[in-house]
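Below, each value reflects all heavy atoms present in this structure, side chains not excepted, and no hydrogens, waters or symmetry copies. Heads up: numbering here begins at 1 and tracks the sequence.
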Amino acid sequence: METIRFTERKKTTKWPAIIVMSFLIIGGCFVAYAIKNEDNPKMLGFSADSIPTVSDGLENVEQTDAQKLEQIMNLNYEIKDVSSVDKSTKNFTGDMHLPTIYVDGKEIAETNAKIQTEYTTRFDNLKSQMEKAESNYSFNVTYTYFDNIVGLKKIVSLVITQQIIDTDSKKVTSEKVTTYNIDLAAKATLTQSDVLLELLGKDYKDILKEQVKNYIVDNGYIKESNYNYEITGLENFYIKDSKFHIVFNGDSDNIVDTTDVIDIEIQK
């Protein structure tokens, strides 16, 4: 009797593994070849030469003083006159001419508004006081201005003169000067300390105090033995032809017993 034998063939995982490995190796070769031959990355709208590096940016951040000065010199400004006449009080007329300043066509609104408010308020406060005056008076306001380069600042100095005039006798009964010094680039007003070091050097405090004293004494306003004024830094000042001028409004600035406006040019 013939015996039938069955032989079982076991499944193997060798061939699928070999196929997968071959695919990965061949695919990897293609990827490596593609990467090797790929063009360098480009920024849209720029050539490779124009892409800035870190060093390029750092080298161009700061302007030289010469470049800053040229930029400042090229600032354009304009002073426009704002005039007004007020005859609402019978014997007290207001005739004001005030400056409004523009830099590169844009108004320096804060400074202009401050000037307008200052003189409108002064006039309004005086109107009630002058109602019973025996003579006729006018409140006149005029101005002049100067521009200078101080260090790396282009400065416009506004010098505004207020006078109360007895129109019957044609005499000035009161005079007061107020100044505004404006850094055109910053569009901001300056203090004495912002400019004195540049104009007079590190000894500016001693220079200023000594020359003010000499002027007051030499012009007979006060005896040297009675002079005890100290510069506060709050005084009116302006710059003309690169020279520092300090202005005192007579006794209202508590320096001398006079109603004169005292304008002192300080020499370096």
Side-chain angles (χ1 to χ4, degrees), residues 81-99 114-146 157-181 189 191-192 196 207-240 243-267:
D81 185 273
V82 176
S83 301
S84 63
V85 175
D86 187 325
K87 295 183 178 180
S88 59
T89 301
K90 181 180 177 181
N91 57 349
F92 189 56
T93 300
D95 185 3
M96 293 187 285
H97 297 265
L98 294 170
K114 183 178 180 180
I115 294 171
Q116 293 287 333
T117 300
E118 175 70 23
Y119 286 91
T120 300
T121 301
R122 289 186 191 183
F123 178 70
D124 288 343
N125 289 340
L126 284 168
K127 280 199 296 187
S128 59
Q129 300 176 32
M130 302 299 288
E131 286 178 351
K132 297 180 180 180
E134 296 179 357
S135 297
N136 294 308
Y137 293 89
S138 63
F139 180 87
N140 292 2
V141 179
T142 56
Y143 67 91
T144 187
Y145 62 92
F146 313 97
S157 292
L158 300 171
V159 181
I160 305 176
T161 302
Q162 165 197 311
Q163 292 180 323
I164 297 177
I165 300 173
D166 183 330
T167 55
D168 295 332
S169 66
K170 309 299 181 184
K171 290 182 179 179
V172 175
T173 62
S174 173
E175 186 172 37
K176 182 180 178 69
V177 168
T178 306
T179 64
Y180 296 84
N181 298 274
T189 55
T191 65
Q192 289 185 33
L196 277 173
I207 293 171
L208 195 58
K209 288 167 61 176
E210 185 67 16
Q211 291 192 31
V212 168
K213 184 190 77 171
N214 291 343
Y215 186 94
I216 297 300
V217 172
D218 292 348
N219 285 276
Y221 285 108
I222 200 169
K223 292 181 179 180
E224 186 171 0
S225 58
N226 295 330
Y227 181 86
N228 60 2
Y229 188 82
E230 290 290 332
I231 302 298
T232 66
L234 301 176
E235 295 84 3
N236 286 286
F237 74 95
Y238 66 94
I239 304 163
K240 178 183 178 182
K243 296 289 181 66
F244 184 87
H245 288 247
I246 188 166
V247 178
F248 299 94
N249 288 297
D251 54 7
S252 65
D253 280 334
N254 301 315
I255 188 169
V256 289
D257 185 17
T258 180
T259 57
D260 293 350
V261 172
I262 301 170
D263 183 328
I264 307 171
E265 181 180 290
I266 305 298
Q267 302 295 325

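In this structure a side-chain-to-backbone donor-acceptor pair under 3.5 Å is present from Asp166 to Ser169. With Asp168 contributing its side chain and Asn136 its backbone, the two residues share a donor-acceptor pair below 3.5 Å. Side chain of Ser157 to backbone of Ile239: a donor-acceptor contact under 3.5 angstrom is found. Judged purely by atom type and a 3.5 angstrom limit, Asn249 uses its side chain to pair as donor or acceptor with the backbone of Val177. When atom types are taken as modelled, the side chain of Asp260 and the backbone of Ile262 share no donor-acceptor pair closer than 3.5 angstrom. Using modelled atom types, one side-chain atom of Thr173 and one backbone atom of Ile164 make a donor-acceptor pair closer than 3.5 Å. The main-chain N or O of Thr179 is found under 3.5 Å from a side-chain atom of Asn236 such that the two form a donor-acceptor pair.
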Candidate pair Phe139 and Arg122, rule side chain to side chain contact (heavy atoms under 4.5 Å, CB included), full reasoning: CA-CA 10 Å; Phe139 180 87; Arg122 289 186 191 183; 4.1 Å; yes
Trace of the side chain to side chain contact (heavy atoms under 4.5 Å, CB included) decision for Leu208 with Glu235: CA-CA 12 Å; Leu208 195 58; Glu235 295 84 3; over 6 Å; no
Derivation and outcome, side chain to side chain donor-acceptor pair (under 3.5 Å), residues Ser83 and His97: CA-CA 4 Å; Ser83 301; His97 297 265; 2.8 Å; yes
Please step through side chain to side chain contact (heavy atoms under 4.5 Å, CB included) for the pair Asn181 and Tyr238, ending with a clear verdict. CA-CA 7 Å; Asn181 298 274; Tyr238 66 94; 4.0 Å; yes
Test log, rule side chain to side chain donor-acceptor pair (under 3.5 Å), inputs Asn254 and Tyr229: CA-CA 8 Å; Asn254 301 315; Tyr229 188 82; over 6 Å; no
Could you give me the CA-CA distance, side-chain angles and deciding distance for Gln267 and Gln211, then say whether side chain to side chain donor-acceptor pair (under 3.5 Å) is met? CA-CA 8 Å; Gln267 302 295 325; Gln211 291 192 31; 6.0 Å; no
The test is side chain to side chain contact (heavy atoms under 4.5 Å, CB included); show your working for Phe248 and Val212 and say whether it passes. CA-CA 10 Å; Phe248 299 94; Val212 168; 3.9 Å; yes
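Using a 4.5 Å heavy-atom cutoff, the side chains of Ile246 and Ile231 are in contact. In this structure the side chain of Phe146 never reaches within 4.5 angstrom of the side chain of His245, judged on heavy atoms. Within the 4.5 Å cutoff, side-chain heavy atoms of Ile115 are placed close to those of Leu158.
Checked against the 6.0 Å centroid criterion, the rings of Phe92 and Phe123 qualify as a close aromatic pair.
Considering only residues two or more places apart in sequence or on other chains, Lys213 meets the salt bridge (Lys or Arg N to Asp or Glu O under 4.0 Å) condition with Glu210, Glu224.
The OG1 atom of Thr167 lies 8.5 Å from the OH atom of Tyr137; values are rounded to the nearest 0.5 Å. Distance OH/Tyr143 to OG1/Thr178: 15.5 Å, rounded to 0.5 Å. Considering CD1 of Ile222 and OG1 of Thr258, their distance stands at 11.5 Å, rounded to 0.5 Å. Thr189 contributes atom OG1, which lies 5.5 Å from atom NZ of Lys114 (distance to the nearest 0.5 angstrom). Note that NZ of Lys87 is 11.0 Å distant from OG of Ser138, once rounded to the nearest 0.5 Å. With rounding to the nearest 0.5 angstrom, the CG atom of Leu196 is 4.5 Å from the CZ atom of Phe244.
The two residues Asn125 and Gln129 have their closest heavy-atom pair at O-NE2, 3.3 Å. Heavy atoms only, all atoms of each residue included: Gln116 and Thr120 are closest at O-OG1, 2.8 Å. The two residues Ile165 and Lys170 come nearest to each other via the heavy atoms CG2-C, 4.3 Å. Considering all non-hydrogen atoms of both residues, Tyr215 and Asp263 come closest at OH-O, 4.0 Å. Taking both residues in full, the closest heavy atoms of Asn91 and Ala133 are given as ND2-O, 3.0 Å, listed atom of the first, atom of the second, then distance. Of all heavy-atom pairs spanning Lys223 and Val217, the tightest one is C-CG2, 4.4 Å.
Salt-bridge annotation for Glu131 and Lys127: absent, with no side-chain N of the basic residue lying under 4.0 Å from a carboxylate O of the acidic one.
Environment of CG in Asp257: sparse, with no more than 12 heavy atoms of neighbouring residues, nucleotides or ligands closer than 6.0 Å.
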